[in-house]
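One structure below.
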Number of protein chains: 2
Amino acid sequence: MKVMPDSKAIPIPSPLHQACEPFACEQCGVYRLCLPLGLHGGDMTLLESVVKRKETYKRGQLLFRAGDRFDFIYAIRGGSVKTSVCTPDGRVQITGFHVAGELLGLSALASGEYSSEARALETTSVCLVEAERLDELAQKIPSLQYQMMKIMSGQIRQDEELMLLLGRRNAEERLAEYLIGLSRRFAARNFSPTQFNLSMSRGDIGNYLGIAEETVCRLLTRFQNAGLIATKRRQVSLIDLRQLEAVARMNPAA
Amino acid sequence: MKVMPDSKAIPIPSPLHQACEPFACEQCGVYRLCLPLGLHGGDMTLLESVVKRKETYKRGQLLFRAGDRFDFIYAIRGGSVKTSVCTPDGRVQITGFHVAGELLGLSALASGEYSSEARALETTSVCLVEAERLDELAQKIPSLQYQMMKIMSGQIRQDEELMLLLGRRNAEERLAEYLIGLSRRFAARNFSPTQFNLSMSRGDIGNYLGIAEETVCRLLTRFQNAGLIATKRRQVSLIDLRQLEAVARMNPAA
DNA sequence: AATGTATTTTGATCTACATCAATGGTTACT
DNA sequence: AGTAACCATTGATGTAGATCAAAATACATT
């Protein structure tokens, strides 16, 4: 089993795709999680034709900002990205951490401008998909339309879960749930579900979960003392996933 | 300017639509906020043909539950509905209050079953749109596909806002924002933006906003004492919208 | 109209978590 | 290599809002 590369490594599947080659969705390690799922032969080639270009961002670089004109859906090939929104007075809420195979910018379709900002957490490679042409193409390829709807629907569902998390769960449950969620997503990408590297800071995690950075630290320490996990800086091992799930779901504090 | 009907009134546009007549989107007071937006003549007739049936629910009745098989998108004609999700141990989070022109069940597309439950808050009339046939139709009518995407995108954006609310704003800001949001939505439906009837209880509001029922009451009292609003039971008047917005957005507690 | 039930409101108390503060460990930059 | 900036951790203290409790009001049912 592969282990999640740490942020020093450049997480691009293979040097082949670095070249000016076409975008070869089929060669991309995560196409089954991405737009091309369910597409075949010629249709996939068509989809590749609306991929304007591929870009890589370094840690801290912006992919887009709230208010920017909406031209592209971003599909992550490798690396990770955080998205956030903010209040007029400057408070920031991170709305998601995104990894390979996930799409960014879906909320921009409604208004024609991005409503959130997206920033690379590590070296990150993305496909820029022309929104307008994707729309046209979806009209021609039923299974592409279906896949897009499914992805958006999935996003809505995921947001429902996050609301439940933010509204009804205590800090301990939130963090446990967070670690489990990461684990699942890594597993779906053939990374180890029990050993991985966090590309985001404690502060980012806390912001996302609606708790303070210090609380994240204290809870990680508590989980570690209870033998549920081991941490060394941003490297995390989930030792007792079963019990971690118990903390996330059935906390007696309920 | 019309005033929001209270929960005793039956909020159906006109007796005409009660009959077994076709579904006449064009006659529906909210079609501009709903799926048919952007559709013309024949296309609208086609859309009407995938409206399986129209139903009304009384206060407290379930439209669907989490886990039910996903067959229909529900479009609200009149009345209001709350949607909620819950933890395995029974805690509930209300994820939205929905009024005329809004769609329910969008998050079910991804998995084929509803992920949330929907319950009428007052007598409510809905169109049941066959999900599968709607999908097919969207392939034939580009502007319908576009409108569906736009609606889903809008939902995602709205959820981002709610996360910001739940994660970063204090109780006072949440409630002020909530009242303003209601006001806007009523305005878009040609109801008074300053005088309306809440179809949900204080407990529901608190649940949705992630605060206790008692806190909702205390804050409403505080707003009232400050001359921002007047309340009498579930009847609310927004007296100083400007200042209410100030509370929602620029609270110095930030 | 009367009775039972649910909702709203207000007050008193408690607590989970935020905030403030200080230190050591890592990483980035020149 | 050295230094600046950042990030993680732990402790001490404060507080927004939860929870508990109880009364007042409205609504539903007969």
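Heavy-atom basis, side chains included; hydrogens, waters and symmetry copies ignored. Every value quoted in this text rests on a predicted model; they were computed, and no experiment measured them.
In this structure, B:R91 atom CZ and D:dT19 atom P are separated by 11 Å, rounded to whole Å. Rounded to a whole Å, the CZ atom of B:R233 is 10 Å from the C1' atom of D:dA24. In this structure, CD of A:E173 is placed 14 Å from C1' of C:dC17, rounded to the nearest angstrom. Atom pair A:R202:CZ and C:dG24:C1' shows a separation of 15 Å (rounding to whole Å applied). Following rounding to the nearest Å, A:N207 (CG) and D:dA8 (C1') show an atom-to-atom distance of 17 Å. Distance, B:E122 CD to D:dA28 P: 13 Å, rounded to whole Å. Protein atom CG of A:D204 is 13 Å distant from nucleotide atom C1' of D:dA8, rounded to whole Å. Remark: C1' of D:dA18 and CG of B:L209 are 15 Å apart, rounded to the nearest angstrom.
Rounded to 10 degrees, the angle separating the terminal helix axes of the helix from C:dA1-D:dT30 to C:dT30-D:dA1, each built from five base pairs, is 70°.
Between the side chains of A:E160 and B:S107, a donor-acceptor pair is found at a separation under 3.5 Å. Residues A:E117 and A:T83 have side chains that never bring a donor and an acceptor to within less than 3.5 angstrom of each other.
A donor-acceptor pair under 3.5 Å is formed between the side chain of B:R174 and the backbone N or O of B:L166. With hydrogens and angles ignored, the 3.5 Å screen pairs a side-chain donor or acceptor of A:N207 with a backbone N or O of A:V92. Side-chain N or O atoms of A:S183 include one that pairs as donor or acceptor with a backbone N or O of A:P193 at under 3.5 Å. With hydrogens and angles disregarded, no donor-acceptor distance shorter than 3.5 Å links the side chain of A:R202 to the backbone of A:A212. The backbone N or O of B:V236 sits nowhere less than 3.5 Å from a side-chain atom of B:Q195 that would complete a donor-acceptor pair.
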- Could you walk me through whether A:L62 and A:Y57 pass the side chain to side chain contact (heavy atoms under 4.5 Å, CB included) check? CA-CA 8 Å; A:L62 274 173; A:Y57 297 85; over 6 Å; no

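Residue A:R59 places no side-chain N or O under 4.0 Å from the OP1 or OP2 atom of C:dT27. Not one side-chain nitrogen or oxygen of A:T215 sits closer than 4.0 Å to the OP1 or OP2 atom of C:dA16. Note on B:R234: a side-chain N or O is less than 4.0 Å away from OP1 or OP2 of C:dT8.
Two rings, from B:F64 and B:Y74, have their centers less than 6.0 Å apart. Taking the ring centroids of A:F196 and A:F191, they lie at or beyond the 6.0 Å cut-off.
Under 3.5 Å, the side chain of B:E214 and the base of D:dC20 form at least one donor-acceptor pair of N or O atoms.
Among the heavy atoms of the strands, none lies under 4.0 Å from A:G206. If you check every strand for non-hydrogen atoms under 4.0 Å, B:A171 touches sugar and phosphate atoms only. Among the heavy atoms of the strands, none lies under 4.0 Å from A:G60.
Comparing atom distances between the A:T231 side chain and each of C:dT7, D:dT9, C:dA18 picks out D:dT9 as nearest. Of the candidates D:dA8, C:dT19, C:dT9, the closest approach to any side-chain atom of A:S201 belongs to D:dA8.
Within residues 218-225 of chain A, the residues approached by DNA chain D to less than 4.0 Å at the level of any non-hydrogen atom are A:R218, A:T221, in residue-number order.
Of the two residues near DNA chain C, B:M200 and A:R169, the one whose nearest nucleotide lies more 5' is B:M200.
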